[in-house]
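Okay, structure first, notes after.
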Amino acid sequence: MMKNAVEVRDLVVRRGGREVLKGIGFTIAEGSVMGLLGPSGCGKSTLMRSLVGVQQLASGSVEVFGEEAGSKALRHRIGYVTQEVSVYDDLSVTENLKFFAQVLGVDGARIEEAIAAVDLVSHKDAVVGHLSGGQRSRASLAVALLGDPDLLVLDEPTVGLDPVLRRDLWKLFHEIAERGAAVFVSSHVMDEADRCDRLLLMREGVIIADDTPERIREKTRTDDIESAFLALVEGTGDQAGEMA
């Protein structure tokens, strides 16, 4: 039986006087890829920050591997990729990874592995500022993979990438999960839903569905996740009640 990597209970977050997350709860199992889908502005990034311990909570709890989110014990167990590129533009890909490897205290052998994992071997000596947006995003992902994290939190990692690269990255996410890590990926692209083992659908700070993509479609009697999302939003109240 899979153990939970993450347990979120009754989580409330307020920002600028507004309730962004409204008492949500869910779990993420080890060895799985969980997707978080919802429109821009629904609270996805705030939830991601809560998991990695950099977001102040109004109430509720977030536990990662039995520790409070943000605990020192979790520092090397979590890889986090924000929407903003988190590498230095004036350094090459390899130089960036060497720098972060030193910060993390990671063996240098991991550098080549991380670069290969994100398919940047042919650009490893290129200055990051000269790369495309997608390549820069992959360089950020390589940094997150350096420490071989037990939980990988990815905030919209496939935005702006071509379909082939998106497919390859999702394949990588599943390979990471198969090694036992938990992978939590946010997106506003509904057609990425079926790439997830389990799916959270979110709207206006509330989780409106938490299940496998197949079960969400079955329960809403729809053929795709975008239609399921609309069905849940547009007043099939009994279904929304079942699924949240």
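Residues Lys98 and Glu95 are not paired through a salt bridge, judged by the lack of any N-O separation under 4.0 Å between the basic side chain and the carboxylate. A salt bridge links Glu175 to Lys171: one of the charged nitrogens lies within less than 4.0 Å of a carboxylate oxygen.
Both Val85 and Val103 are assigned to one and the same hydrophobic cluster, defined by single-linkage of ILVMFWY side chains at heavy-atom distances under 4.5 Å. Hydrophobic clustering keeps Val189 apart from Val153 (ILVMFWY residues linked when any side-chain heavy atoms are closer than 4.5 Å, directly or through intermediates). Val12 and Leu200 are assigned to two separate hydrophobic clusters, defined by single-linkage of ILVMFWY side chains at heavy-atom distances under 4.5 Å. Linking ILVMFWY side-chain heavy atoms closer than 4.5 Å, directly or via other members, places Val127 and Leu120 in two distinct hydrophobic clusters. One hydrophobic cluster, built from ILVMFWY side chains closer than 4.5 Å, holds both Val121 and Val143.
Counting heavy atoms from C-beta outward, Glu63 and Arg9 have side chains that approach closer than 4.5 Å. Between Ser32 and Arg198, every side-chain heavy-atom pair lies at or beyond the 4.5 Å cut-off. When side chains are defined from C-beta on, Arg179 counts as touching Ile176, because their heavy atoms get closer than 4.5 Å. Side-chain contact between Arg217 and Ile225 is present, with at least one heavy-atom pair separated by less than 4.5 Å. For the pair Ser227/Thr220, no side-chain contact is recorded, criterion being any heavy-atom separation below 4.5 Å from C-beta on. For the pair Met202/Leu21, a side-chain contact is recorded, criterion being any heavy-atom separation below 4.5 Å from C-beta on. When side chains are defined from C-beta on, Glu156 counts as touching Ser186, because their heavy atoms get closer than 4.5 Å. With contacts defined as side-chain heavy-atom distances shorter than 4.5 Å, the pair His123/Arg138 does not qualify.
The two residues Ala193 and Leu199 have their closest heavy-atom pair at CB-CD2, 3.6 Å. Minimum interatomic distance between Ile78 and Pro149 (heavy atoms only, all atoms of both residues): C-CB, 3.9 Å. The two residues Gly25 and Ile207 have their closest heavy-atom pair at O-CD1, 4.1 Å. Closest approach of Gly35 to Cys196, counting heavy atoms only: CA-SG, 3.5 Å. When all heavy atoms of Ala177 and Val33 are compared, the pair lying nearest together is CB-CG2, 3.8 Å. Residues Ala139 and Leu97 share a closest heavy-atom pair of O-CD1, 4.3 Å.
Residue Asp223 places its CG atom among 12 or fewer non-hydrogen atoms of other residues, nucleotides or ligands, all under 6.0 Å distant. Counting heavy-atom neighbours within 6.0 Å of Glu226 CD, excluding the residue itself, gives a total of 12 or less. The environment of Phe26 atom CZ is dense: over 12 non-hydrogen atoms of other residues, nucleotides or ligands sit within 6.0 angstrom. The neighbour count for Glu113 CD, taken as heavy atoms of other residues, nucleotides or ligands under 6.0 Å away, is above 12. More than 12 non-hydrogen atoms from other residues, nucleotides or ligands lie less than 6.0 angstrom from CD of Glu214. When the shell of 6.0 Å around CZ of Arg14 is examined, it contains 12 or fewer heavy atoms from other residues, nucleotides or ligands.
Between the side chain of Lys22 and the main chain of Glu204, a donor-acceptor pair closer than 3.5 Å is present. Side chain of Arg110 to backbone of Leu146: a donor-acceptor contact under 3.5 angstrom is found. Put simply, the side chain of Ser50 never gets that close to the backbone of Gln55: no donor and acceptor are under 3.5 Å apart. In terms of modelled atom types and a separation under 3.5 Å, the side chain of Lys44 and the main chain of Leu36 share no donor-acceptor contact. Side-chain atoms of Ser71 never come within 3.5 Å of backbone atoms of Ala73 as a donor-acceptor pair (strictly under, hydrogens ignored).
Between atom CG of residue Leu169 and atom CG of residue Leu154 there is a gap of 9.0 Å, rounded to the nearest 0.5 Å. The CG atom of Asp224 sits 9.5 Å away from atom CG of Asp191, with the distance rounded to the nearest 0.5 Å. Note that the OG1 atom of Thr222 and the CG atom of Leu232 stand 8.0 Å from one another [nearest 0.5 Å]. Rounding to the nearest 0.5 Å places CD1 of Ile111 at 10.5 Å from CG of Asn96. Between atom CG of residue Asp148 and atom CG of residue Leu104 there is a gap of 12.0 Å, rounded to the nearest 0.5 Å. The CG atom of Asp194 lies 9.5 Å from the CD1 atom of Ile216; values are rounded to the nearest 0.5 Å.
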Original post:
Would Tyr80 and Phe184 count as a side-chain contact (heavy atoms from CB on, under 4.5 Å) if you check the C-alpha gap in whole Å, the side-chain angles of each, and the deciding distance to 0.1 Å?
Top reply: CA-CA 10 Å; Tyr80 177 38; Phe184 191 42; over 6 Å; no

Original post:
Stepwise, does the side-chain hydrogen bond (donor to acceptor under 3.5 Å, both in side chains) test hold for Gln135 with Ser132?
Top reply: CA-CA 5 Å; Gln135 289 166 338; Ser132 69; 3.3 Å; yes

Original post:
Would Met34 and Asp210 satisfy side-chain contact (heavy atoms from CB on, under 4.5 Å), going step by step from the backbone distance to the final call?
Top reply: CA-CA 10 Å; Met34 175 173 264; Asp210 176 0; 4.1 Å; yes

**OP:** For salt bridge (charged side-chain N to carboxylate O under 4.0 Å, His left out), just list the numbers for Arg49 and Asp155, CA-CA rounded to whole Å, side-chain angles, deciding distance to a tenth of an Å, and then say yes or no.
**Re:** CA-CA 9 Å; Arg49 287 194 295 270; Asp155 195 354; 5.7 Å; no

Subject >> side-chain contact (heavy atoms from CB on, under 4.5 Å) between Leu51 and Val8, worked out >> reply: CA-CA 8 Å; Leu51 260 62; Val8 177; 4.1 Å; yes

**OP:** Would you please test Thr94 and Asp125 for side-chain contact (heavy atoms from CB on, under 4.5 Å) and show each step?
**Re:** CA-CA 6 Å; Thr94 299; Asp125 296 321; 4.0 Å; yes

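Between Trp170 and His174, the angle of the ring planes lies from 30° to 60°, which puts this pair in the tilted group. Using bins of under 30°, 30° to 60° and over 60° for the plane-to-plane angle, the ring pair Phe100/Tyr88 lands in the parallel bin.
Judged by the 6.0 Å and 45° rule, Arg195 forms no cation-pi pair with Phe173.
Thr46 and Arg15 form a side-chain donor-acceptor contact under 3.5 Å, judged by distance and modelled atom types alone.
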